[in-house]
There are 2 protein chains.
Amino acid sequence: MLSEGRKKNRVTLLDVARHASVSRATASLVIRKSPLVSTETRAKVEAVMQELGYVYNMGAARLRADRSLTIGVVIPNLVNPFFTELLAGIDRVIDAAGMVVILVNSGDLVARQETLLTRMREHGVDGIILCPAAETEMSLVEKMVEWDLPLVQVLRRVTDDCDYAGVDYAFGMRQAVDHLAELGHRDIAFALHGPVHSAYQERVDGFRDAMQARGLDPENVIRVPHQIAAIAEAAGLFTEGSRRSSAVVCFNDVVALGLSAGLYDLGISIGRDFSLVGFDDVADAEAMRPRLTSVATFPEAIGEGAAKLLLDRLAQPDLAPRKLVKAPQLHIRQSSAIWRGSSLGRQQESG
Amino acid sequence: MLSEGRKKNRVTLLDVARHASVSRATASLVIRKSPLVSTETRAKVEAVMQELGYVYNMGAARLRADRSLTIGVVIPNLVNPFFTELLAGIDRVIDAAGMVVILVNSGDLVARQETLLTRMREHGVDGIILCPAAETEMSLVEKMVEWDLPLVQVLRRVTDDCDYAGVDYAFGMRQAVDHLAELGHRDIAFALHGPVHSAYQERVDGFRDAMQARGLDPENVIRVPHQIAAIAEAAGLFTEGSRRSSAVVCFNDVVALGLSAGLYDLGISIGRDFSLVGFDDVADAEAMRPRLTSVATFPEAIGEGAAKLLLDRLAQPDLAPRKLVKAPQLHIRQSSAIWRGSSLGRQQESG
DNA sequence: CTGAAAGCGCTTACAG
DNA sequence: CTGAAAGCGCTTACAG
């Protein structure tokens, strides 16, 4: 058995202490960089640790000290580049704090999410960063508070009684709509997809409010499929039939990418005949042709913010719940252009 | 202090045992689903665990049993969608085994990688899936073997003395080159970027061998920048000057996406004037217009394979090192087309 | 099938 | 600044 092999030649703190002719307590203090130890003693102990190949056993330490230097991150989807960037931000901060991330994927399923949260709790994580699966109940978060498990919600929220790091979606939508309206567009649609959660709702509401404020139709909201190829096939929803639009605000850049492909297939020139505004501004936006105008939401910064909220809470458990709501920023590129007399929507009239 | 709070009302196995009027050992057997316990006893203990809100303490169990149900995954880069899909595959298998993934990002830096591996070791991971940073020395892996830390290399390898799950890059390159050659192309370039490692080398060698086998110039290999916008700006390298190509095989789909944008900017029609073949076939390939011909490498399946290799090794530490080398598969779409008399490269002659 | 006991490797008061 | 001792919550033989 390997584990036996590993166990056999494991050198413990007691071995180190003996070789260095100090007590185990002293050796422990050296590891934890306590100032109580003299410089010579410290040097001697550290030399012995080197020599013996001592490996600190977090498992033993955590049992005694009741902290694991481990945090759990639960996200609903690994494949969306948006979440990847979020994760990179979380990882940077957690890593810098000498801690380590246990990552799990809920697949946006509440039942799975529950299982995974239990698992993380059993693993003794010090805290959790959770992007709640769609349909997550408030009671879940309350339960975790009851568990005394420090938690921060990220991107989506189910309660205000708990830290949250996210995006001011309403402000982002307003920028997108205002931008298109100022270019002269009036038939502006919102293309959405995916499961319903707070970020979904905030985007829809933000779009509607922004349209209303401009005196435009707030109900021009259309759901598209989830898979990118299927989104492309759905592009006609915006350009055909009685309800034609000259511009679309997209739920995220994935939708924008799909619609962009679909409009191309329909022979419609984006940035001339039709305007498209993405949301999130992931790396692909810059690589698309024409380049995609998109509302940047800075997922990496949000990840960092969420991790910092959690570290703060670990240090000060009694802090009141805090919110970190980042203002998004419209990046104007080529996919949005001046309205040119509805070359599309009213083709028949003008043609 | 929160940790005190948590500690105070923690219910332990002993509490459960007392309430259920059994010994602690019996309660432990119930948890581990031992068949030694009678059905009634099991039911009683489980009811009490429910009632008391007992949480299994992995930390304590791992200390005694010397296994943590935790594995470490070290990847060089989170942001490339290729790695994300790999990770999704790993996660699926590890999760199904009731284990949990500790994820770290080496940033392709050997020094950081070393720090992170030490950290994982201190955390007591049962094994590690490593995509070695560029320039990783064989001695690193040897050291880990010495540590008795089960390891599988994924995508890149630095030694044959250790499990490996990866791609038959040479076969993939052959398919790409053969495809273009059969379309009539003779001036085929290879566009590469990124740090040098085994997968890089295998792709280059594979391209050269495939070209040679076709009697084509194996030295038409050109390095492009790393950032996608900069790749776009470098597209002229393939279409201008004395060494013009009519087709490019790309190191990966990121390069293909960048070149695609750059060729668009140059007014060159991909799939008509110029052929492009990507590598990896990530989701974007299907979303590009024209759709990208690409060599699929199935990162998710490779992730699953790597995780299975690791689980096997945990079960049987003395297994000989194994290799899982997946055959890639060319997906022909629209970006590659019949050579039409070098409308580009020999424009001056023919025009 | 169950109970009493030892021990995994550390940290933490408590004396000195 | 250091040493001896208790204990974190579990698992594992070992008797019964």
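Just so we're on the same page: letters track the sequence lines, and every chain starts at 1. All values reported here derive from a predicted model rather than from experimental measurement.
- Across all strands shown, dA13(D) has no partner, as no Watson-Crick or G-U wobble contact with both distances under 3.5 Å is found.
- Considering only side-chain N and O atoms, Thr41(B) lies under 4.0 angstrom from the phosphate OP1 or OP2 of dT2(C).
- Expressed to the nearest 0.5 Å, how far CZ of Arg10(A) lies from CG of Asn57(A) amounts to 5.0 Å.
- Counting any heavy atom pair closer than 4.0 Å across all strands shown, Val16(B) reaches no nucleic acid atom.
- In this structure, the separation between OH on Tyr164(A) and OG on Ser198(A) is 5.5 Å, given to the nearest 0.5 Å.
- Between Leu63(A) atom CG and dC8(C) atom P there is a gap of 13 Å when expressed in whole angstrom units.
- Take the nearest nucleotide of DNA chain C for Ala60(B) and for Ser28(A): the residue whose nucleotide is more 5' is Ala60(B).
- Distance, Leu36(B) CG to dC14(D) P: 15 Å, rounded to whole Å.
- At the phosphate of dG9(C), neither OP1 nor OP2 sits under 4.0 Å from any side-chain N or O atom of Thr12(A).
- Closest to the Ala61(B) side chain, of the nucleotides dG3(D), dC10(C), dT11(D), is dT11(D).
- When each of Arg313(A), Lys323(A), Lys308(A) is checked for a salt bridge (Lys or Arg N to Asp or Glu O under 4.0 Å) with Asp163(A), only Arg313(A) meets the rule.
- When heavy atoms are screened at a 4.0 angstrom cut-off, Ala25(A) is found touching base atoms of the nucleic acid.
- Put simply, Arg64(B) has no side-chain N or O that comes within less than 4.0 Å of OP1 or OP2 on dA6(C).
- Base pairing annotation: dA4(D) forms no Watson-Crick or G-U wobble pair, as no partner gives both donor-acceptor distances under 3.5 Å.
- A side chain to side chain contact (heavy atoms under 4.5 Å, CB included) with Leu117(B) is found for one member of Glu114(B), Gln113(B), Arg121(B) and no other, namely Gln113(B).
- The residue among Leu13(B) and Thr39(A) whose nearest nucleotide of DNA chain D is located toward the 5' end is Thr39(A).
- For Glu122(A) and dT11(D), the CD to P distance is 11 Å, given to the nearest whole Å.
- With rounding to whole Å, Met58(B) atom CE is found 19 Å from dC8(C) atom P.
- One atom, CG of Leu29(B), and another, P of dC14(D), lie 15 Å apart when rounded to the nearest Å.
- Put simply, Arg62(A) has no side-chain N or O that comes within less than 4.0 Å of OP1 or OP2 on dC10(C).
- Comparing dT2(D), dC10(D), dT2(C) by their closest approach to the side chain of Tyr54(B) singles out dC10(D).
- Between Ile102(A) and Met120(A), some side-chain heavy-atom pair lies under the 4.5 Å cut-off.
- The residue Arg24(B) sits close to a base: some heavy atom pair falls under 4.0 Å.
- To the nearest angstrom, P of dG7(C) lies 18 Å from CG of Asn57(A).
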